[in-house]
Amino acid sequence: MRRGTIIFLVVNLIIIGFLVNACSTLISLLFDSKDAARDAILRSDIPALGEDFVGNSTELIPKILHQTYINSSIPAKWKPGQQSCIDLHEDYEYKLWTDASSREFIAAEYPWFLATFDSYPFPIQRADAIRYFVLHFYGGVYLDLDDGCTRRLDPLLIYPAWLRRTIPTGISNDAMGSVPQHPFFTHVIESLASYNRNWGMPYISVMYSTGPLFLSVMWREYLWKKREPIDRLRILMPDEYSKQAWAFFKISKGNSWHGKDAQTIFWMGKHWLFLTVAGFAIAGVVGGCLWFAWSMWVMRGSRTSPGRKGMGFWRRISGGKERYELLDRTV
Ligand SMILES: *[C@@H]1O[C@H](CO)[C@@H](O)[C@H](O)[C@H]1NC(C)=O
């Protein structure tokens, strides 16, 4: 192989390696179903409906239910869901975190985060962030307001912490439970500031700075370190979340994201095969162009082989002047 070719390949491999390394956590999300299955809360771990007896397992998560809204005027469409949870859990403490009480709480208990909290351009980012902090501080169960409850949450209190699985990949932040100061939520709140970036599209910025994508990346990172059994993060699978009769929640979504970029993302999700092929095609064309440019650049210096076709091309666009003597050395 020519030296030029080798340099070209090495440079490209370095660039690809750098990109893959930078995205490794995201790439690993594509292959996370084994991890989710390993830590899944099994159907057999959950008592039959009407039998909420937890047996001799100790409840670890405190009986606190957290929800968030702008203020205390909950919209009528969410009131039945909210009420269903309150009614089923009369012995639980109920905490509704409003914009005002969230900020007060951060200022009082996590003042080091207040500047980041205030800097978020989208209110939904504060609504995302506050749930991680209240779970870290008080422990309990956080639940989105558009989720209603179908049975008592007691069987989920015997785990130190749990998150909800989303299909095909990752986890969500709309229903989570934890003991106070769980190492996962410590990792989450300590990482928030460094993920506070603008990615151009609001949907992506929110998802990746505070939302489910951010939390999924946190989950991957958390799994990479060796943990004590007590710190194991359990995963609530779709069947136990809302799909089956024995599930815990009833969802009334309505994904609340209707922005242009959210639609773009959903469109991309639907057309992933086309996009993958197009991606490879574009990468091929770009690679081909780079290769062409590189070989031209190499050839224009290689006067030792004047018979090559490339020479005429370069003479033409360089006005026929031979200005490339120095480049001879590179070949
Ligand atoms: C709560 O927020 C909603 C939506 O911004 C607003 O319409 C309503 O007046 C607010 N209620 C109170 C009590 O401030």
Side-chain angles (χ1 to χ4, degrees), residues 63-90 92-111 113-150 153 164 166 172-177 185 188-189 192-193 195-215 242 249-266:
K63 290 185 165 171
I64 309 173
L65 204 54
H66 302 275
Q67 298 200 290
T68 59
Y69 191 61
I70 307 162
N71 55 35
S72 50
S73 334
I74 309 289
K77 61 175 174 180
W78 289 333
K79 279 225 166 106
Q82 179 201 27
Q83 201 57 48
S84 68
C85 294
I86 294 175
D87 290 347
L88 273 168
H89 303 94
E90 278 175 337
Y92 282 43
E93 189 181 347
Y94 180 80
K95 285 180 182 286
L96 180 72
W97 294 95
T98 63
D99 284 3
S101 68
S102 300
R103 191 177 186 281
E104 259 169 48
F105 168 78
I106 295 290
E109 305 298 346
Y110 299 91
F113 188 70
L114 191 62
T116 310
F117 192 73
D118 285 339
S119 77
Y120 285 132
F122 305 101
I124 181 80
Q125 292 174 294
R126 276 181 284 280
D128 278 335
I130 189 66
R131 55 191 83 171
Y132 310 137
F133 283 96
V134 298
L135 284 181
H136 182 258
F137 192 82
Y138 296 101
V141 174
Y142 168 83
L143 198 56
D144 262 7
L145 257 186
D146 49 9
D147 278 0
C149 300
T150 50
L153 297 170
R164 174 173 90 78
T166 43
S172 180
N173 66 354
D174 55 4
M176 316 175 267
F185 285 100
V188 168
I189 63 176
L192 276 168
Y195 278 77
N196 182 15
R197 281 185 234 152
N198 184 350
W199 293 91
M201 292 169 97
Y203 185 78
I204 294 184
S205 300
V206 170
M207 290 281 284
Y208 200 31
S209 64
T210 56
L213 184 55
F214 162 76
L215 201 68
S242 68
F249 305 110
K250 195 172 77 198
I251 324 162
S252 60
K253 301 178 172 153
N255 195 314
S256 45
W257 281 88
H258 294 298
K260 264 254 160 58
D261 51 349
Q263 286 168 13
T264 310
I265 305 274
F266 291 137

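Whatever order the structure lists them in is the order used to number ligands and atoms, beginning at 1. Keep in mind that what you see is a predicted model, and the values were worked out from it rather than measured.
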Answer yes if the side chains of Tyr94 and His66 hold a donor-acceptor pair under 3.5 Å, and no otherwise. no
Regarding atom 13 (C) of ligand 1: of the candidates Pro75, Ala100, Ser73, which has the closest heavy atom? Ser73
Looking only at the aromatic ring of each residue, does the gap between the centers of Phe214 and Tyr195 stay below 6.0 angstrom? yes
Aromatic plane relationship, Phe133 with Phe113 - under 30° parallel, 30 to 60° tilted, over 60° perpendicular: tilted
Which heavy atom of the protein is the closest neighbour of atom 5 (O) of ligand 1, given with residue, atom name and distance? Ile70 CD1, 4.2 Å
If we number the atoms of ligand 1 from 1 as shown, the ones under 4.0 Å from a heavy atom of Asn71 are 1 (C), 2 (O), 3 (C), 8 (C), 10 (C), 11 (N), 12 (C), 14 (O)
Between Tyr69 and Gln82, do the side chains contain a donor N or O and an acceptor N or O under 3.5 Å apart? no
Can you confirm whether something in the protein, heavy atoms only, sits under 4.0 Å from atom 7 (O) of ligand 1? no
Hey, is atom 11 (N) of ligand 1 under 4.0 Å from any protein heavy atom? yes
With distance as the sole test, does Arg164 use its side chain to make a donor-acceptor pair with the main-chain N or O of Asp174 at under 3.5 Å? no
